[in-house]
Amino acid sequence: WGNYETINQWYVSVCYFWCIKKAYYKVKTNEYYSDLNKKALATFTEINETQVKLAGEGKIDLGGIAKGYLLAKFKLFFLENKISNYIVDAGSSSILLGEAPLDHNNGLYSVGIYRNNQSSPSRYLQLKNTAIGTSSIYEQKYLKVDDKTYSHCINGKTGSAEVKNDMVVAIGEDPIMCDVYSTVGMVSTIDEIKNIELTKPLKFLVFSNDQITYKNPDIQVYERWKIF
């Protein structure tokens, strides 16, 4: 993941700190997060083929990138061995898809979308030869205060634990980018997410309160037997 230096200013605090873990029932002050953010930005890594050296007070949380990294290794293995029929589920939030076997549905897999409220519509995607990364408040602790939601993602620009979306799905060929940018999308506005799409080979699907708040025009979402 050393190739992703360009996003470090965005993502460094998300990688290095999981601050809200200590604040399930109390939102820390902006000064608290600002101090941690400074420590993160002052932390550096040296990466070679066999070692990673860490300098500074920051801590590395591999939760945001490790699954995507492993899926990228799986993808390379499949390509090198000419394997086309596969699905690798790395804990539901990170998925790698080849083609479905036996010509099932033109090779498309049906991928369900998590819903927090069981009375909400049941939605799914039909995809093949792609990766999916998902970040959400529902699998983590979160707290709502004055119409703001605080969760496990720390904005590297502001140092705040406030998230802008309840769930972000990133779809693209690179599992690492899907893993990373689904988390970045949690602390981004819809306009910022659209700007990411202009510069990265990714497509986003964004939810708040179980409702779609943004959908890339190229993504088709199936709702029971309806398409929209």
Nearest-0.5 Å distance, CD1 of residue I190 to CG of residue N195
11.5 Å
The side chain to side chain contact (heavy atoms under 4.5 Å, CB included) partner of I132 among D89, L205, D179, L97 is L97
Which atoms form the tightest heavy-atom contact between Y109 and N85, and what is the distance?
OH-C, 4.5 Å
Distance col, row K128:NZ vs N106:CG, nearest 0.5 angstrom, shows 6.0 Å
Are V206 and L125 connected in a single hydrophobic cluster, I mean Ile/Leu/Val/Met/Phe/Trp/Tyr linked by side-chain heavy atoms less than 4.5 Å apart?
yes
Got more than 12 heavy atoms from elsewhere within 6.0 Å of CZ, F78?
yes
Nearest non-hydrogen partners of L96 and P175, listed with the distance
CD1-CG, 4.1 Å
Do you reckon M177 sits in the same ILVMFWY cluster as L71, going by side-chain contacts under 4.5 Å, direct or chained?
no
Closest contact, heavy atoms only, C178 versus A131
SG-O, 3.6 Å
Single-linkage hydrophobic cluster M167~V180, side-chain heavy atoms < 4.5 angstrom:
yes
Rounding to 0.5 Å, atoms CZ (F207) and OH (Y114) come to a distance of 12.5 Å
Can Q126 and Y124 be counted as having a side-chain donor-acceptor contact under 3.5 angstrom?
no
Separation between NZ of K164 and NZ of K148, rounded to the nearest 0.5 Å
7.0 Å
Do other residues, nucleotides or ligands put more than 12 heavy atoms under 6.0 Å from the CZ atom of F77?
no
Any idea which heavy atoms bring N165 and S188 closest together, and the distance?
ND2-O, 2.9 Å
Begin with the C-alpha distance, continue with both residues' side-chain angles, and end with the deciding distance and a verdict on side chain to side chain contact (heavy atoms under 4.5 Å, CB included) for N129 and E99.
CA-CA 6 Å; N129 297 323; E99 295 185 10; 3.2 Å; yes
To the nearest 0.5 Å, tell me how far I212 CD1 sits from I219 CD1.
9.0 Å
Measuring from T130:OG1 to E173:CD, what's the distance to the nearest 0.5 Å?
7.0 Å
Nearest non-hydrogen partners of A90 and K67, listed with the distance:
O-CD, 2.9 Å
Which atom names give the shortest non-hydrogen contact between R123 and Q211, and what distance separates them?
NH2-OE1, 4.1 Å
Quick one: does D174's side chain have a donor or acceptor within less than 3.5 Å of a partner on I176's backbone?
yes
Could you see if I83 belongs to whatever hydrophobic cluster contains L108? Use Ile, Leu, Val, Met, Phe, Trp, Tyr and a side-chain cutoff under 4.5 Å.
no
Would you say L70 and Y86 are hydrophobically clustered, going by side-chain heavy atoms of ILVMFWY under 4.5 Å?
no
Using a 3.5 Å distance criterion without hydrogens, assess whether the side chain of E192 forms a donor-acceptor pair with backbone atoms of T189.
yes
